[in-house]
Number of protein chains: 2
Amino acid sequence: MNPVEGRSTRKPRGRGPERREEILNAALRLFSQSGVMAVSTRDIAGAVGISQPALYAHFRNRDDLLTELSERAFSELEQRMSALSADAMTGRAAFLRFCRIYIDFGLEQPDAYRMAFMLEKRRSRFETLDPRILAAGLKTFQCFEERLARLVSRGLTRPGEARLLAQTLWAGLHGLVSLWLARREFPWADRETHITRYLDMLADGLFQPEGVTPRR
Amino acid sequence: MNPVEGRSTRKPRGRGPERREEILNAALRLFSQSGVMAVSTRDIAGAVGISQPALYAHFRNRDDLLTELSERAFSELEQRMSALSADAMTGRAAFLRFCRIYIDFGLEQPDAYRMAFMLEKRRSRFETLDPRILAAGLKTFQCFEERLARLVSRGLTRPGEARLLAQTLWAGLHGLVSLWLARREFPWADRETHITRYLDMLADGLFQPEGVTPRR
DNA sequence: AGCTTTCCTTATCAGTGATAAGCGAAGATT
DNA sequence: AATCTTCGCTTATCACTGATAAGGAAAGCT
């Protein structure tokens, strides 16, 4: 695709990058259907119509493929957040809408969300996070932090408050979304009510009424 | 152990239930060391000093063993929460202490926490939750809800509010803990500050100052 | 002594992710 | 045109996984 890419002056023959796309799309579809853990490399290869070892020409291993999908998931979330910033809204209403973007992303694309935040790789230790996923996550988080700071201008009194608030809010939203996704059978309250109540609680803590100083 | 247990009048020979305990303990230790996904049934059997198929005399399969550990994790959390209720505290301070119990449990016993809330089984679809884990989770949640309602007596105005609040708070705490556990490499803010700020934000939303009506 | 039950073994299975070796055809080189 | 090179793929195979089958050794009861 890029002539700068290699020492060879010859153009790549064609199928290469497209095959890679085919594989990624097929994998995501299968993961959505049957769950990430249940899909084998043979399943993916079969869906694309190639043999299983052929995958390894495009991805070093299975986890590498998952990483790629994780990066895409982060990218998608980032895009959604960026789309909102056009409106130069501020205050409570904007805060609520901003949070809804995160929540809606998780609920509409549960598999992408899982890829990004909840995925436990098979081989490595649980805590060992892929550097690529870490980088993608950091980038997305910076976007999150930036937009949030713009929306919530009041209440950011101490230095470093913006980052702390962003991490706190992110964690809160993640808790909501991840529990919904991981424990579907649980008798959750009506989801809309739940979202509203939760965001209100957060907003009540964030946007204190005039003349009232929040404790601490 | 219990004479009511079977039709046989003979006493069980001994090792049975103890072996089961041995296996569970060894499994939990290995999971803590190497991560849940990285530990095989042969590893567990080897740690106990028996052959791999011998495990299946005590557990139907690997997931069954994980389920057992999940139940124990829930039980441990429940115990911790119940321990606090002795003090008949109320109000904001009690709320903060209550939340700390949950957080501390997750941070002190990360593997138990993962068992209970973050575990993706290998075989089944991700959403398909083991009924036993569901039951254990429900029981623990009821404990959570009950204690919380006692602590936060004000602010519970609408019917069903207690359950909604409990689910909301649980989700918020889970978000914090699970992200810490799953993304250790992330440049988190100082944890103590983080906890304090987050709980304050929640408490500010919950315990509105006198004479101020929270929006909505 | 003989029988039953318990707890464990070895042997083996299908399925997994991954690697090695090689094959055929499309471009490049002569 | 003939040859060479490289690419994209195949088949064969590996070590390992969770799980099952079949059987053995020994403890305790009759």
Side-chain angles (χ1 to χ4, degrees), chain A residues 1-3 5-24 26-27 30-31 34-69 119-124 130, chain B residues 1-3 5-24 26-27 30-31 34-69 119-124 130:
Chain A
M1 188 181 280
N2 196 346
E5 147 187 341
R7 56 270 177 203
S8 165
T9 60
R10 192 196 321 166
K11 277 186 287 187
R13 193 157 27 157
R15 298 292 295 283
E18 302 153 25
R19 251 299 135 79
R20 201 183 151 86
E21 285 301 310
E22 271 187 83
I23 295 173
L24 283 170
L30 284 178
F31 289 153
S34 314
V36 174
M37 285 307 179
V39 175
S40 72
T41 53
R42 283 168 178 80
D43 294 334
I44 300 173
V48 183
I50 59 180
S51 70
Q52 179 248 359
L55 295 180
Y56 293 81
H58 302 276
F59 306 93
R60 259 183 317 183
N61 48 41
R62 197 190 115 111
D63 284 351
D64 191 39
L65 198 156
L66 293 186
T67 299
E68 187 94 13
L69 289 176
L119 196 58
E120 180 168 356
K121 297 280 188 67
R122 271 188 181 155
R123 323 197 67 185
S124 59
D130 189 308
Chain B
M1 187 179 279
N2 196 345
E5 146 188 346
R7 57 270 176 205
S8 166
T9 60
R10 194 194 319 167
K11 276 186 287 187
R13 194 162 22 161
R15 299 291 295 280
E18 303 154 23
R19 253 296 135 78
R20 200 184 152 86
E21 286 299 311
E22 272 187 83
I23 295 173
L24 284 170
L30 285 178
F31 289 154
S34 315
V36 175
M37 285 307 181
V39 175
S40 71
T41 53
R42 283 167 178 83
D43 294 333
I44 300 173
V48 182
I50 58 178
S51 70
Q52 179 249 1
L55 295 180
Y56 294 81
H58 302 275
F59 305 93
R60 260 183 315 187
N61 49 40
R62 197 189 116 110
D63 284 350
D64 192 37
L65 198 156
L66 293 186
T67 299
E68 188 94 12
L69 289 176
L119 196 57
E120 178 167 358
K121 296 281 188 66
R122 270 183 181 156
R123 324 199 65 185
S124 58
D130 188 308

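So you know, we letter chains A, B, ... as the sequences are listed, proteins then strands, and number each from 1. These numbers come from the heavy atoms of this one structure, side chains and all, not from hydrogens, waters or symmetry mates.
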Item to complete: Nearest whole angstrom, please: distance from the P of dT10(C) to the CG of Leu55(B).
Response: 14 Å

Fill in: side-chain contact (heavy atoms from CB on, under 4.5 Å) evaluation trace for Phe59(B) with Leu24(B)
CA-CA 10 Å; Phe59(B) 305 93; Leu24(B) 284 170; 3.7 Å; yes

Fill in: Nearest-Å distance for atom pair CG/C1', residues Asn61(A) and dT16(C)
14 Å

Fill in: Verdict with reasoning, Met37(B) to Met37(A), per side-chain contact (heavy atoms from CB on, under 4.5 Å)
CA-CA 11 Å; Met37(B) 285 307 181; Met37(A) 285 307 179; 3.5 Å; yes

Worksheet entry | Gap between atoms CZ and C1', on Arg60(A) and dT19(C) respectively (whole Å) | 15 Å

Worksheet item: What's the CD1-P distance between Ile44(B) and dG18(D), to the nearest Å?
Response: 8 Å

Response to the item:
DNA chain C nearest-nucleotide lookup for Ala57(B) and Tyr56(A): closer to the 5′ end is Ala57(B)

Worksheet item: Rounded to the Å, how far apart are Arg20(A) CZ and dG8(D) C1'?
Response: 15 Å

For residues 41-48 of chain B, tabulate all N or O donor-acceptor pairs below 3.5 Å that involve a side-chain atom, not counting sequence neighbours.
unit_1, atom_1, unit_2, atom_2, d
Thr41(B), OG1, Gln52(B), NE2, 3.1
Asp43(B), OD2, Ser40(B), N, 3.0
Asp43(B), OD2, Ser40(B), OG, 3.2

Response to the item:
From CD of Glu18(A) across to C1' of dC9(D) the rounded distance in Å is 16 Å

Worksheet, complete the sentence: Residues at least two apart in sequence or cross-chain that pass side chain to side chain contact (heavy atoms under 4.5 Å, CB included) with Ala54(B), listed by chain then number, are Ile50(B), Ser51(B)

Worksheet item: Which nucleotide, dT16(C), dG18(D), dA18(C), lies nearest any side-chain atom of Ser40(A)?
Response: dT16(C)

Fill in: Short side-chain N/O contact from His58(B) to OP1 or OP2 of dC8(C), under 4.0 Å
yes

When you compare the protein's N or O atoms with those of nucleotides 10-14 of chain D, which come within less than 3.5 Å of each other, and at what distance?
unit_1, atom_1, unit_2, atom_2, d
dT10(D), OP1, Ser51(A), N, 3.4
dT10(D), OP2, Ser51(A), N, 2.6
dT10(D), OP2, Ser51(A), OG, 2.4

Practice prompt. Could you tell me the separation between the NE2 atom of His58(A) and the CD atom of Glu21(A), rounded to the nearest 0.5 Å?
Written response: 11.0 Å

Worksheet, complete the sentence: Arg62(A) CZ to dG15(C) P, in whole Å, measures 17 Å

Worksheet item: Say you draw a straight line from CZ of Arg20(A) to CG of Leu55(A); how long is it, rounded to the nearest 0.5 Å?
Response: 11.5 Å

Response to the item:
From CZ of Arg19(B) across to C1' of dT9(C) the rounded distance in Å is 13 Å

Worksheet entry | Nearest non-hydrogen partners of Asn61(A) and Tyr56(A), listed with the distance | CA-CE2, 3.8 Å

